[in-house]
Amino acid sequence: MGSAGLTIENGRITGIDPLGGSSKGPFVIPSFIDAHCHFSWTGLQAISLDLSGVSSSDGMLEALAAESAALPAGLILRAEKMEEISWEVPIFPSLSSLDAVTGDRPTFIRRVCGHMILVNSAMMNLLPAESPGLDRSSGLIREGIALKIDRLFPPDPETLRRAFISAEKTALSAGVTAVGTFEPIFTLAALRETPLHIALAAGVIADDPAELEEVLSSDRTPIPRLLGLKTFLDGSIGAGTAALSGTYTDGSSAMPVMSDEELTHTIRTASDLGMATLVHAIGGRALDMLDRVCRTLRETSPAALSPGIRIEHAEELLGDWPGSWDATVHSFCMQPNFVNRWQMEDGLYQQMMGSKASRSLNPFASVLAGEFRLGFGSDGMPFGPLHGLAGATSHPDPVQRLDIGTALHAYTLGAADICGFMELATPLRNGRTADLAFLSESPFEIGSWEETELLATMVAGVTVFKDQEVLDVRSGSGN
Ligand SMILES: [Zn+2]
């Protein structure tokens, strides 16, 4: 078949005619790769109560009351995407008012960042006596057990299957054909059972390395492919738990949640299993610590670093830059949509940490200037590269802005590279697999992302998503 000057046979590109496509589009690019998402969580969010539209504590209580009344008895009420910072008055409801609308149905409400959860009394009664991060008087959980709630209360297999199908639809309709995803062990088995078009590489979240060893030694093919062992050094800026090098505007501060020894142990454990370590580090103190631990390991046991260290987020990287980061060991996965959503003038980051400290977060250009591998991922906030790319090309610090081609590269070939999708990390040329995204406009010509729509997505030459509405309008207008 031919499309915009491309010929595709048996799933591969067999001819490219750069002049064959009209300048009016569609504009064909290698498919997007989301190097950092939470595939099963994205799906679970889509099939759970969505709180992103509520604008107050009362609005949230109303939504919970309606959902609780509609759910079959015995099920846990899961609510997602709470973002109190966008409410008229950003104050959580009291535990008693939460109980009043949910009664004896166990209920948990997860903040958009995933690092904070609100539970009612019925849910609290199901939690272990020792629940780190839980404040029993308010029902608020920060970090600790908030990060483990799905592992403690795994959704049933049918719910998971629906979640995967939903997440795949979200990805394909955003032009994404492969993802680096972070998954607890219980979803890996379920993912194996669900046939999907999208390619997955999983960073595994496991408390107990023995559990992980069992997965690795299982005689079945490990699907999805394993990307590495995920570990957390801090939380999020929105939840006030990122280990910033300075203080938050309310005077509070946060420390890394691990010691140097614990981090060293995690890196060694991963490396003994032949795996990279994927380190969530947002604040300067967390990044400083990772840099320090890696420096020591390089001197004492360099083999522990050979599978590689991928740094997730690295938002406050410049405080420790250039540090002793090493491009042969470290790669970076960063989130331009965080910039777009929270780092712009008067945004959340400015409120949380002041304008001076927030401006220099997410230094994309510095990472590339240091010749590090950089891939973009959405972290699902929201999912979809087109929502995020403006954060890279309109960064509030002009020095850190990327040009359009470089930004696109980080969300396609660069992201594929840091996830190990080596074929997708190559440019479009004859013989390459035809995983493609069809955009409505060339961003190079219009110079912005707002008007760019995704028209279609191809996996190995097969159209797996087509925006009928946009295509109809286009053919109606004679394009
Ligand atoms: Zn994440």
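Just follow the structure's listing: the first ligand is 1, and inside any ligand the first atom is 1.
Under 2.8 Å from the Zn ion (ligand 1) lies an N/O/S atom of His38, whether from backbone or side chain. At a cut-off of 2.8 Å, Glu312 does not coordinate the Zn ion (ligand 1) through any N, O or S atom. With a cut-off of 2.8 Å, the Zn ion (ligand 1) has no N, O or S atom of His313 in range.
By the 4.5 Å heavy-atom criterion applied to side chains, Leu424 and Thr433 are counted as neighbours.
His36 has its closest N, O or S atom to the Zn ion (ligand 1) at the position named NE2. Residue Asp379 approaches the Zn ion (ligand 1) most closely through its N/O/S atom OD1.
Within a 6.0 Å radius of CD in Glu130, other residues, nucleotides and ligands contribute 12 heavy atoms or fewer.
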Review item, side-chain donor-acceptor pairs of residues 407-415, under 3.5 Å, at least two apart:
{"from": "Tyr411", "atom 1": "OH", "to": "Ser378", "atom 2": "N", "distance (Å)": "3.3"}
{"from": "Thr412", "atom 1": "OG1", "to": "Leu408", "atom 2": "O", "distance (Å)": "2.7"}
{"from": "Thr412", "atom 1": "OG1", "to": "His409", "atom 2": "O", "distance (Å)": "3.4"}

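No side-chain donor from either of Ser245 and Arg285 sits under 3.5 Å from a side-chain acceptor of the other.
Screening Gln350, Met381, Met352 for a side chain to side chain contact (heavy atoms under 4.5 Å, CB included) with Trp342, the sole residue that qualifies is Met381.
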